[in-house]
Every structure is written in structure tokens, then in C-alpha cells.
Amino acid sequence: MAQYQSKQIANNEALVSADGATEVIAIIGDFTTVTGMVTGEIIEMCGLPAGYVPVDVVVAFDASAGAAFTTDCGVLSGDYGSTAVRTMGNEGFAANSAGQGAAGLVRAVKPGLAQLAPADNDRGIGLKIVGTLTTLVVGTNIRMTLLARAARNGV
């Protein structure tokens, strides 16, 4: 089974950081669907810098006539940007509809993402194609905006 990465990760762009700041930062990941994607595949969309915790995630899907698939959003196992086989949770949302012939916007709906503990390593945040993949239109643009802040006093 293939795994994919956003344009930013594939191009080795440096992670955004605001060390020592308390402001929320926006981390962006873009991906365009490709031929052959199947249920169970993961797209690493953004990196969560070490010492940061998520505040929210917003995912925008292009309108794709005939597209019908569902995605989970969560934290990937292993290190950010790794091409090794990885697994993914659904801390942000689970089995959320994408496509359905109209543009869509999906936000985190589960508390697990906002309650994620900080880590000493950079982590990937991604999407996993779940459920029955009836149609995936090649060329569907997906943009994830991860809002994150530096952890303070361990949280």
C-alpha cells in the first residue's frame, strides 16, 4: 500500500516555528490526489514541530464531481517526513465525508487533537482514506491548515 506526502513535505520545506512565542502558528500542507489511491492509504499533510501542540485543524477539499470518499485526520507514527511504513490515529476527526461533488471544509471535531501532549520529536499530521472508496477523482486538491502553539509548562 502506498503512502503519500504533501507538496511541502516532499520538497523538504523547513517546519515553521515560533520558538518561545505564545502565538498560534498556521502550518499548511497541500496535496493533489493521484491515480491508484485506495482505501487505507495515508497522506502526511503537515508537520507538528517538537514542543508544539495542535489547537485546531481545517481541511479544504476541492469540488470533484462524482468524488465520494471518507477520511480520518490524526497523528502519524514515527518521525515527520519519514518514508517508512507508518500508522495513523484519528485524533482530529474520523470517517468524515470528502468530495461528494461539492467543495467542502472539515474541522477537528474530536477533543483528542487539542489534548495531544507535546513531544520531543517532529510529528506528522495527516489524512487516511477510510471506509468504502467509491470514487476518487484524480486531481482533487486538498489543503490542510494545522493551527499549533508552543507547549507551555508541559501542556
Side-chain angles (χ1 to χ4, degrees), residues 1 3-9 13-31 33 37-64 67-82 84-134 136 140-155:
M1 192 168 302
Q3 291 190 156
Y4 302 93
Q5 294 179 327
S6 69
K7 296 171 187 173
Q8 291 81 355
I9 297 170
E13 291 184 19
L15 275 174
V16 175
S17 176
D19 290 338
T22 57
E23 293 83 15
V24 171
I25 60 172
I27 305 165
I28 308 299
D30 295 301
F31 184 78
T33 56
M37 295 182 79
V38 298
T39 299
E41 291 183 327
I42 294 170
I43 308 163
E44 185 175 21
M45 293 293 295
C46 296
L48 179 64
Y52 276 70
V53 293
V55 173
D56 197 3
V57 66
V58 180
V59 183
F61 296 89
D62 269 358
S64 297
F69 59 101
T70 57
T71 57
D72 286 353
C73 175
V75 180
L76 277 74
S77 63
D79 291 325
Y80 166 74
S82 170
V85 174
R86 297 159 76 187
T87 59
M88 194 192 88
N90 61 8
E91 295 85 357
F93 55 77
N96 221 313
S97 295
Q100 307 300 336
L105 190 65
V106 182
R107 294 190 81 146
V109 295
K110 295 177 72 177
L113 189 73
Q115 295 171 337
L116 196 65
D120 294 332
N121 62 310
D122 298 336
R123 296 177 282 179
I125 306 294
L127 297 172
K128 181 178 182 179
I129 300 171
V130 297
T132 303
L133 181 66
T134 55
L136 177 66
T140 299
N141 293 308
I142 303 170
R143 170 168 284 166
M144 177 181 282
T145 304
L146 172 67
L147 301 176
R149 64 169 177 80
R152 291 298 205 189
N153 301 319
V155 294

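Here the structure is a predicted model, which means the values were calculated and not measured.
Within the 4.5 Å cutoff, side-chain heavy atoms of Glu44 are placed close to those of Tyr80. When side chains are defined from C-beta on, Val57 does not count as touching Thr145, because their heavy atoms never get closer than 4.5 Å. When side chains are defined from C-beta on, Ile142 counts as touching Thr33, because their heavy atoms get closer than 4.5 Å. Side-chain contact between Lys7 and Phe31: absent, with no pair of heavy atoms (C-beta onward) separated by less than 4.5 Å. Side-chain contact between Arg86 and Gln3 is present, with heavy atoms from C-beta onward closer than 4.5 Å. The shortest side-chain heavy-atom distance between Glu41 and Tyr4 falls under the 4.5 Å cut-off. A heavy-atom distance below 4.5 Å is found between the side chains of Leu116 and Val75. Using a 4.5 Å heavy-atom cutoff, the side chains of Leu113 and Phe93 are not in contact.
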message = Between Asp56 and Arg107, is the side-chain contact (heavy atoms from CB on, under 4.5 Å) condition met? List the steps.
response = CA-CA 7 Å; Asp56 197 3; Arg107 294 190 81 146; 2.2 Å; yes
Check the pair Asn141 / Phe61 against side-chain contact (heavy atoms from CB on, under 4.5 Å), numbers first and verdict last.
CA-CA 6 Å; Asn141 293 308; Phe61 296 89; over 6 Å; no
Item to check | Test log, rule side-chain contact (heavy atoms from CB on, under 4.5 Å), inputs Tyr52 and Asp122 | outcome: CA-CA 9 Å; Tyr52 276 70; Asp122 298 336; over 6 Å; no
Inset, instruction - Please report the C-alpha distance between Met144 and Ile28 in whole Å, then the side-chain angles of each, then the deciding distance to 0.1 Å, and finally whether the side-chain contact (heavy atoms from CB on, under 4.5 Å) criterion is met. - result: CA-CA 6 Å; Met144 177 181 282; Ile28 308 299; over 6 Å; no
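Remark: side-chain polar atoms of Asn90 are not paired, donor with acceptor, to backbone N or O of Asp72 under 3.5 angstrom. In this structure, Ser6 contributes its side chain and Gly29 its backbone to no donor-acceptor pair below 3.5 Å. Side chain of Thr70 to main chain of Val130: a donor-acceptor pair is present (N/O by atom type, distance under 3.5 Å, no hydrogens or angles).
Shown are Leu76, Leu48, Ile27; of these, the side-chain contact (heavy atoms from CB on, under 4.5 Å) with Ile125 is made only by Leu48.
In this structure, Val53 and Ala117 approach most closely via the heavy-atom pair CG1-C, 4.1 Å. Closest of all the heavy-atom pairs between Ser82 and Ala84 is OG-N, 3.1 Å.
For the atom pair Thr87 OG1 and Ile42 CD1, the distance stands at 6.5 Å (nearest 0.5 Å). Distance CD1/Ile9 to CG/Asp30: 10.5 Å, rounded to 0.5 Å. The line from NZ of Lys110 to SG of Cys73 is 10.0 Å long, rounded to the nearest 0.5 Å.
By the 6.0 Å contact criterion, CZ on Arg143 is open, its count of non-hydrogen atoms from other residues, nucleotides or ligands being 12 or less.
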